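Fair warning: this is a prediction, and the values are worked out from it, not measured in the lab. To find a chain, count down the sequence lines: A is the first, B the second, and so on, and within it residues start at 1.
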Amino acid sequence: MASVDYIPRKTVLQSLRDRYFSTLANTALTLLSAFIIGAIIWKVLNWAILGAVFSTQGGAEACRAASGACWSVITARWRLILFGLYPHEEHWRSGLACVVVVVMTVLSCLPRFWSGRAIAIIWVGGFLAFYFLMKGGILGLTVVEEAKWGGLSLTVFIFLATVLIGMPLSIVWALLRRSELPWISGTTAVIIDSIRSLPLLSILFTFAVVLPFVLPSWASGDKLYRVIVGMALFFSAYQAEIIRGGMQGVPKGQEEAAKSLGIAYWHRVSRILLPQAFKNALPATINQIVITFKETSLVIIIGFFEILASGNAAYGTGEWTFAFVEVYAFIALVYFVFVFSLSRYGAYLERRMAVSER
Amino acid sequence: MLTVLTKLTAIAGLGVAALATPAMANVGPTLEQVKARGSLECSGHNGSFLGFAEVDDKGAWKGLDIDLCRAVAVAIFGDASKLNVVPISWAQRWPALQSGDIDLVIKASGGTFSRDTELGLQFSRAYFLGTTKAMVRKDSGITSLKEADGGSICIPAGTTIERQVASYADRIGITLEPILFEKTEELREAYFSSRCDLYAQWGPTLAIDRSVSDDPSAHILLPDVMAMEPEVAILRQGDDQWVDLVNWVFSALWFAEQEGITQANVDEMKANPPTSEIGKLLGVTPDQGAPLGLEDDWAYNVIKAVGNYAEVYERNIGSGSIYDMPRDINNLWNNGGVLYPMVFD
C-alpha cells in the first residue's frame, strides 16, 4: 500500500469530538452552552409563535389570557403603524410608494444600471414617483398634505430625502475643504466642525421650531422640508469627512498624472478622484447611511408621525396598552429588514469593487 | 379754529369707528386667519395620550381633548372635517402656538402663572380638573398615603408630579423612596410588576392605567390629592375675541348638559325650544352668532356633531369608554362637580 501523502479527512463525528468534546471540561461547557442556547430559543419560540395569538377574533381579552405574544395588536393596527395618519382610503398610495423604494433599491443593485447617470436617474426618478404618489395633486390623485404623512413611508421619505440632498452636498463640502485657497478650506472646515459639534436633536429643534420665528414666511416652507434640510446638513457634514478620507486614500500621483496630461478640473474630479474616493469610503459611507436611517426616529420629538410615533399610537389606546412589547418588536423587525438589507447591499458592493481591483 | 376742526375730525372718526364696530371687531386676528385658511389647526400628540388624544384603527383622532378641538372647529365652520389635528410633542406646544403653526392648544395642559406671564399665553376656562394621586395594591392594606411611610413610589421623571409628591410627603411628614421612569409604559410596567409599592401620576392617567390593567380590582386609588391642576385651552395673548369664542363653545357644551340637550334630541329642541335661553343657544333667535363672528346656529352644530359635555366625557373617558372613569369633581355644579356654564341671555 502506498504511503498516505495527504492529511486524512476527519469525519464529522471526529471533528465534533475534537472541537467540542475533547476534554471533560470542554464537554461540560459545550453541554451547558447548548442548554442555554436551546432554552433561549425555546423561550422565544414559545413567546413569539407557539403561545402567541395572531387573530383579532377574541379581541384584546383573548390576548391577555394567552401565554405568548399578542400579535393581534399588529393584525388590528398594522395599517396605523405603517401609514400613520395618512387618509385611510388612500393607504394604497403610501404602500405603493414604499414598493417604489424597494424596486429602486433592487434596480440599483443590478450591475446593468451601474453608471453614474443610470443610478442618478433611478434614484431621482424613484424619489419623484414616491413624492407624487404620497402628495398627489396629479393624475386625479387627491392632495395629501405632508402633515398627514406618517408611519413607515414618512420614515423612508425623510431618510431618502436626507441622503439625496446630503450626498451631493457632502461632495461639495469635501472638495471645498481640499481647496488650495486657505480661506475657502478654512471656512469649510469651520462650518463642518460646527455642524458636527452640535447634537442632531438641537439641529432638528432649531429647524422645526425656531426657524419660523426668524425666517420670513415665504422662506420657511413646510416643517417637514425644514427638518429634512437640517438632517441633510448634519448628514453632509459627517459624510464630507468620510469622502475626504476616501480622497486622501487616492495616491497623489493619480492627480498629478491627470494634471500633466492636461485633464481639466471637473474631469479630474468626476472621472479620477471621486470614483476611487467613493470606493475607499464605501464601508464608512454604508455605516453613515445606516445610522441616518435609524436617526430618522428622532423626528418624533418634533411631532412627526414616523414609524415609532405611529407605533406608540398603535398601542396607545385602552384596548392595547399592555401590548407595547409586541409593537416594538414589530417595529424592530421593520428596521431590521431595512438596515440589514442596506448593510448586505453595502457588503455586496464592496465585494464587487474588490473584484475589479484584481 | 384749528383745534375745533381737529376735535370735529376726531369725533367724526370716532363715530365712523363706532358704526364700524359691530361688524368689524367681532372677528379677531386668529379667527380671521382660521377662516381664511379654511381649517382649524389644533394640538394633537406624537403618539397617544390615553383617553385625551388617541388614534383609532383608521388613523382618525379621538379623545376628550380632540373632541373639544372638534367642537371649536364645528362652531366656526359647521363641519367637523375642517379640524386639522397637528401631532406635536409636549415640548413643542408653546413654540408651535406662538409661531402660528396651531391656533390653540388643548392638550391636558394646566393654567400656570409662568405660562400666563413669562410665556405670554392666555387661558380659557378650565374644562377639566386634574388631580395628582397615588395608586397602591389593595392587598397591601394601605388606605391613605400616611400609612405608606418608607415605601417606594414610581414617578414619571421630569414632570411636575415629582415635585408635587415630594412636597406632599413633606407636608404630611413621611418619607417615600422615589423611583423615576422616563417612558410611560415603562413606569406602568414597573408598578404593575411590583417594583414599587405606590404609583403617583396625573389622576386621569392613573385611573386609566388601573382600568386597563390585568386586574383593576386589585388596585385602589388613595384618597390623598397631592395637587390639582385646572386643564385649560391655551391661546396666544392679545386676541380676546378668540378667547371669548373658545369659552363660549365650552359654555355651550356645559349649558347643553345642564338643560338636557343631547346629540339625539337637539333637532327637536331646536324646532321647539322649551325655554328662550335654549332658543338663543340653538340659534332660533337670530343674531346670536354674529357677536362671536359665527353663524347663528353654531351651538346647534356643535351639539349635533359632538354632543353635550357629558356625552363628550362619557364617550372618551367615562362609562361609554373602556376606561370608565367616574366624573367626580368634573361633574356639573348641579351634580356635585365644579363645572358650570355662563348664562345665555
Side-chain angles (χ1 to χ4, degrees), chain A residues 56 60 64-65 75-91 94 145 147-151 201 205 208-215 217 220 222-223 299-306 308-325 327-328, chain B residues 39 41 43-63 81 84-102 107 183-186 188-189 192 205 207-216 316-317 320-325:
Chain A
T56 47
R64 279 176 197 270
T75 321
R77 313 270 282 176
W78 65 273
R79 286 177 75 150
L80 177 61
I81 299 176
L82 291 187
F83 306 128
L85 302 175
Y86 207 77
H88 193 256
E89 53 289 349
E90 307 281 348
H91 275 175
S94 197
E145 293 300 329
K148 291 256 178 275
W149 297 10
L201 208 56
F205 225 88
V209 179
V210 184
L211 227 50
F213 288 105
V214 190
L215 288 180
S217 58
S220 56
D222 192 272
K223 187 170 77 173
V299 300
I300 190 174
I301 205 77
I302 39 180
F304 282 104
F305 232 76
E306 50 74 70
L308 207 59
S310 56
N312 282 346
Y315 67 75
T317 182
E319 227 186 326
W320 299 114
T321 36
F322 64 94
F324 61 92
V325 175
V327 172
Y328 278 126
Chain B
S39 69
E41 310 281 312
S43 57
H45 203 81
N46 56 345
S48 109
F49 191 65
L50 293 185
F52 290 79
E54 295 179 12
V55 185
D56 71 9
D57 289 355
K58 298 200 158 188
W61 288 95
K62 60 174 187 171
S81 70
N84 192 16
V85 177
V86 183
I88 54 171
S89 62
W90 294 108
Q92 236 186 332
R93 284 173 291 180
W94 320 130
L97 179 63
Q98 270 156 342
S99 67
D101 276 357
I102 52 178
K107 194 171 159 67
K183 294 275 298 173
T184 323
E185 57 271 16
E186 212 183 337
R188 203 185 291 136
E189 272 311 286
F192 286 110
T205 305
I208 285 173
D209 282 350
R210 174 174 172 268
S211 72
V212 297
S213 68
D214 290 335
D215 181 12
N316 289 303
I317 52 180
S321 75
I322 191 169
Y323 310 124
D324 198 15
M325 200 185 333

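Scanning all heavy atoms of the two residues, the minimum distance from Phe305(A) to Gly47(B) falls at CE1-N, 3.6 Å. Taking every heavy atom of both residues into account, Gly316(A) and Ser48(B) meet most closely at O-OG, 2.6 Å. Of all heavy-atom pairs between Ser89(B) and Ile300(A), the closest is CB-O, 4.4 Å. Listed here is the closest heavy atom pair of Gln92(B) and Val209(A): CG-CG2, 4.0 Å.
The distance from the NZ atom of Lys58(B) to the CZ atom of Arg79(A) is 8.0 Å, given to the nearest 0.5 Å. To the nearest 0.5 Å, the span separating OG on Ser99(B) from CG on Leu215(A) amounts to 12.0 Å.
Contact count versus chain B (heavy atoms, under 4.5 Å) is highest, among Ala313(A), Gly84(A), Ala314(A), for Ala313(A). Between chain A and the residues Phe192(B), Tyr323(B), Phe49(B), the most heavy-atom pairs under 4.5 angstrom are made by Tyr323(B). Between chain A and the residues Thr184(B), Ile208(B), Asp56(B), the largest count of heavy-atom pairs under 4.5 Å involves Asp56(B). Contact count against chain A (heavy-atom pairs under 4.5 Å) is highest for Glu54(B) among Glu54(B), Arg188(B), Lys62(B). Of the listed residues (Ser213(B), Gly100(B), Ser321(B)), the greatest number of heavy-atom pairs within a distance under 4.5 Å of chain A belongs to Ser213(B). When the candidates Asp209(B), Val86(B), Asn84(B), Val212(B) are compared by the number of heavy-atom contacts under 4.5 Å with chain A, Val212(B) comes out ahead. Interface check for chain B: of the options Phe213(A), Trp78(A), Trp320(A), the most heavy-atom pairs under 4.5 Å are formed by Phe213(A). If you tally non-hydrogen atom pairs under 4.5 Å between each of Val85(B), Leu50(B), Asp101(B) and chain A, the highest count goes to Leu50(B).
Between Asn312(A) and His45(B), every side-chain heavy-atom pair lies at or beyond the 4.5 Å cut-off. Side-chain contact check for Thr321(A) versus Glu185(B): every heavy-atom pair is 4.5 Å or farther apart.
Residue Phe324(A) touches chain B through its side chain alone, counting heavy-atom pairs closer than 4.5 Å. Looking at Trp90(B), neither its backbone nor its side chain comes within 4.5 Å of chain A, counting heavy atoms on both sides. For Thr317(A), the parts lying under 4.5 angstrom from a heavy atom of chain B are both the backbone and the side chain. Proximity to chain A involves both the backbone and the side chain of Gln98(B), based on heavy atoms less than 4.5 angstrom apart. For Phe205(A), the part sitting under 4.5 Å from any heavy atom of chain B is the side chain, from C-beta outward, and nothing else.
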Under the side-chain contact (heavy atoms from CB on, under 4.5 Å) criterion, do Asp57(B) and His88(A) qualify, and how do the steps go? CA-CA 9 Å; Asp57(B) 289 355; His88(A) 193 256; over 6 Å; no
